[in-house]
A.B. asks: 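First the structure, which I've put down as structure tokens, then a few questions once you've had a look.
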Amino acid sequence: MKSLLDEWRFVLQGKFVLIILIVPLLVSALFGYLFQNSQINEAPIAVVDEDNSLYSRQFTDKINASQYMNVVDVFHYAVTPDTLMANEAYMAVIYLPRGMEQLRLQGKQVNVGVLIDNSMPAAVSNIRNGVQELFTVENTTTSMGKLKAMGVSDEAAAAIIAPLSMQQRLLYNPTSDFIAFMVIGFVNVTALGITIGGAAAIVPRLRLEGKLQEELTRPIGLWLRVLPYAMSSTISLLLVFGVLKQLGGLRFAGSPLAFLLPLILYTLVVTVIGMLVGWTAADPAKVTLRTYPIVYPSFMLSGFQVASIMLPHSAQMLGSLLPLTWLFKFIRGIGYRGGSLTYYASEIGVLVLMLGVLSLGVGLMIMKENRKLSLNNKMKEITA
């Protein structure tokens with residue numbers, strides 16, 4: 001009993017009770033907020049309406065009326081799905097064929113194409129359900145009265161109404177393979193933690209070795225110290241994709257050379273973030289905790305585990321500040337969809353902008369460090 005009371009006294013005097021009561025509450029509130037939307041409503045959809053008839057426009061309105069889909073754009077000419085889905089502006093494309101209304105009135109089957117981006121399987125299940133419900137309702141509720149209301153003659157209305165046929169295809173990950181999102185996600189988060197941790201130790205190590213003052217006179221040289229970490233991380237991730245493609249059956253349809261540019265930019269951004277995060281640490285061994293605010297949000301908000309569209313808007317905005325979010329866009333866009341770099345000029349621009357802003361931050365830290373050294377030297381002169 002004495003031992004128990006002694007331990008209770010120790011626990012109550014420390015921070016354990018406060019931590020165990022507060023942290024789980026904060027975590028539950030955070031996760032409850034992030035995952036309040038268990039399904040995607042109003043998923044962005046593109047409709048390619050080559051018929052542009054009264055019936056096709058009414059059908060498009062019915063698509064838009066579904067709680068699961070939001071028709072963002074309608075095109076009246078043929079557009080390839082790869083072009084429309086390259087930048088993830090749409091999660092699905094529905095093709096309404098030329099002569100749709102006429103075929104419907106003639107009692108002939110109408111084949112409607114439904115192409116769904118399945119690179120994020122968790123995000124599209126409701127789209128599939130919504131489309132299936134729409135076709136079921138359309139095929140069971142069409143009546144002669146509705147056709148007459150459209151101005152169709154009695155003879156035409158008496159014709160047999162053939163059903164709409166849905167030609168559905170799941171693109172880019174047709175088998176919902178875990179390798180393409182869960183495994184890739186965990187591997188990249190692991191690599192992120194290792195890379196940013198290594199780069200975060202650069203300045204504290206130089207300070208400990210007494211080399212920082214000399215390095216501050218060569219700002220470009222100090223910045224270039226991130227290159228070994230960036231290049232090593234780039235090579236590592238390329239090897240990962242190769243191993244998963246050969247052993248795990250990963251589908252990588254794009255050009256490795258095209259993927260190399262955004263991958264290098266990504267690793268440079270990560271290493272410069274690491275340098276800034278660890279800059280003021282007194283010891284290289286103490287930088288690990290500083291990397292957690294980058295690594296943990298990347299795990300939750302980058303879109304590999306939970307599709308970004310399922311998160312609240314504020315969480316999506318925060319996720320867009322994380323470099324891993326943009327890497328996954330390139331993995332899905334170039335790797336899974338086989339898109340060329342010309343589709344991703346804006347995404348590359350974001351990484352270049354990030355690198356520029358972070359490099360400016362390194363420059364400001366160098367200026368601050370130089371002012372501190374100058375002030376210390378003046379103080380030494382005064383005391384001497």
Side-chain angles (χ1 to χ4, degrees), residues 40 42-53 56-57 59-60 63-64 66 68-100 110-124 126-128 130-131 166-177 180-181 184 241 250-263 265-266 303-304 307-309 316 320 325-352:
I40 296 178
E42 301 294 320
I45 303 293
V47 173
V48 178
D49 179 7
E50 294 191 72
D51 194 38
N52 194 21
S53 61
S56 67
R57 291 192 294 272
F59 190 76
T60 299
I63 296 173
N64 196 44
S66 169
Y68 303 120
M69 294 176 284
N70 174 34
V71 178
V72 178
D73 288 302
V74 178
F75 302 90
H76 297 297
Y77 52 89
V79 188
T80 61
D82 291 338
T83 300
L84 292 175
M85 295 181 179
N87 300 97
E88 302 184 359
Y90 315 105
M91 300 182 68
V93 182
I94 298 179
Y95 285 83
L96 307 183
R98 189 180 303 277
M100 180 181 186
V110 180
N111 296 321
V112 176
V114 179
L115 306 183
I116 299 175
D117 182 354
N118 201 45
S119 59
M120 297 178 287
V124 299
N126 280 340
I127 297 177
R128 299 170 65 181
V131 172
M166 178 174 63
Q167 308 297 316
Q168 178 178 281
R169 287 181 58 196
L170 299 178
L171 303 181
Y172 314 124
N173 183 18
T175 59
S176 299
D177 191 352
F181 56 102
I184 283 293
F241 283 106
L250 175 70
R251 181 185 186 277
F252 196 94
S255 166
L257 289 178
F259 183 66
L260 189 59
L261 173 61
L263 183 58
L265 285 173
Y266 161 76
F304 87 88
S308 297
I309 195 172
Q316 294 181 40
S320 66
T325 300
W326 298 94
L327 177 63
F328 285 140
K329 286 181 179 289
F330 286 110
I331 291 174
R332 293 191 295 265
I334 296 178
Y336 302 160
R337 302 187 189 101
S340 67
L341 277 177
T342 55
Y343 291 153
Y344 303 102
S346 59
E347 285 84 354
I348 290 174
V350 169
L351 288 180
V352 171

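Excluded from the calculations below are hydrogen atoms, water molecules and symmetry mates; all remaining heavy atoms, backbone and side chain alike, are included.
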A.B. asks: First locate atom CG of Leu341, then atom CG of Leu261, and finally report the distance between them rounded to the nearest 0.5 Å.
C.D. replies: 6.0 Å
A.B. asks: Would you say Ile127 and Ile45 make side-chain contact, with heavy atoms under 4.5 Å?
C.D. replies: yes
A.B. asks: Taking side chain as C-beta onward, heavy atoms only, is Phe328 less than 4.5 Å from Ile184?
C.D. replies: yes
A.B. asks: Measure from the side-chain N and O atoms of Tyr344 to the backbone N and O of Ala86, and report whether any donor-acceptor pair falls under 3.5 Å.
C.D. replies: yes
A.B. asks: Report the distance from atom CE of Met166 to atom CD1 of Ile94, rounding to the nearest 0.5 Å.
C.D. replies: 9.5 Å
A.B. asks: Using the side chain to side chain contact (heavy atoms under 4.5 Å, CB included) rule, take Val131 and Met69 through it: C-alpha gap first, then chi angles, then the decisive distance, then the call.
C.D. replies: CA-CA 9 Å; Val131 172; Met69 294 176 284; 3.6 Å; yes
A.B. asks: If we count only N and O atoms by modelled type, under 3.5 Å, do the side chains of Tyr343 and Asp82 hold a donor and an acceptor together?
C.D. replies: no
A.B. asks: Distance from Phe330 atom CZ to Glu347 atom CD, nearest 0.5 Å?
C.D. replies: 5.5 Å
A.B. asks: Does CZ in Arg98 sit with more than 12 non-hydrogen atoms of other residues, nucleotides or ligands closer than 6.0 Å?
C.D. replies: no
A.B. asks: Check this for me: Arg128, atom CZ, are more than 12 non-hydrogen atoms of other residues, nucleotides or ligands nearer than 6.0 Å?
C.D. replies: no
A.B. asks: Grab the two heavy atoms, one from Val71 and one from Thr60, that are nearest each other, plus how far apart they are.
C.D. replies: CG2-O, 4.0 Å
A.B. asks: If you define the side chain from C-beta out and look only at heavy atoms, does anything of Val48 sit under 4.5 Å from Leu84?
C.D. replies: yes
A.B. asks: Enter the distance from Lys329:NZ to Ser320:OG here, rounded to the nearest 0.5 Å.
C.D. replies: 9.0 Å
A.B. asks: Compute the centroid of each ring, for Phe259 and then for Phe252, and state whether the two points are separated by less than 6.0 Å.
C.D. replies: yes
A.B. asks: Any idea which heavy atoms bring Ala258 and Ile334 closest together, and the distance?
C.D. replies: O-CD1, 3.9 Å
A.B. asks: Once rounded to the nearest 0.5 Å, what's the spacing between atom CD1 of Ile63 and atom CG of Leu96?
C.D. replies: 5.5 Å
A.B. asks: Okay, side chain of Arg57, backbone of Asn52: is any donor-acceptor separation there less than 3.5 Å?
C.D. replies: yes
A.B. asks: Are a donor atom and an acceptor atom from the side chains of Asn118 and Tyr336 found within less than 3.5 Å of each other?
C.D. replies: no
A.B. asks: Look only at the side chain of Asp51 and the backbone of Gly99, and say whether a donor-acceptor pair between them is shorter than 3.5 Å.
C.D. replies: yes
A.B. asks: Under a 4.5 Å cut-off applied to non-hydrogen side-chain atoms, are Phe241 and Ile331 in contact?
C.D. replies: yes
A.B. asks: Do Ser119 and Asp117 pair up side chain to side chain, a donor and an acceptor below 3.5 Å, judged on atom types alone?
C.D. replies: yes
A.B. asks: Grab the two heavy atoms, one from Arg251 and one from Tyr172, that are nearest each other, plus how far apart they are.
C.D. replies: CD-O, 3.5 Å
A.B. asks: List the steps and the verdict of side chain to side chain contact (heavy atoms under 4.5 Å, CB included) for Leu265 and Trp326.
C.D. replies: CA-CA 10 Å; Leu265 285 173; Trp326 298 94; over 6 Å; no
A.B. asks: Between Arg332 and Met85, does the side chain to side chain contact (heavy atoms under 4.5 Å, CB included) criterion hold? Intermediate values first, please.
C.D. replies: CA-CA 10 Å; Arg332 293 191 295 265; Met85 295 181 179; over 6 Å; no
A.B. asks: Using the side chain to side chain contact (heavy atoms under 4.5 Å, CB included) rule, take Asn111 and Tyr95 through it: C-alpha gap first, then chi angles, then the decisive distance, then the call.
C.D. replies: CA-CA 9 Å; Asn111 296 321; Tyr95 285 83; over 6 Å; no
A.B. asks: Locate the shortest heavy-atom distance separating Gly130 from Ser66; write the atom from each residue and the value.
C.D. replies: CA-OG, 4.4 Å
A.B. asks: Looking only at non-hydrogen atoms, find the nearest pair between Ala43 and Met91 and report the distance.
C.D. replies: CB-SD, 3.9 Å
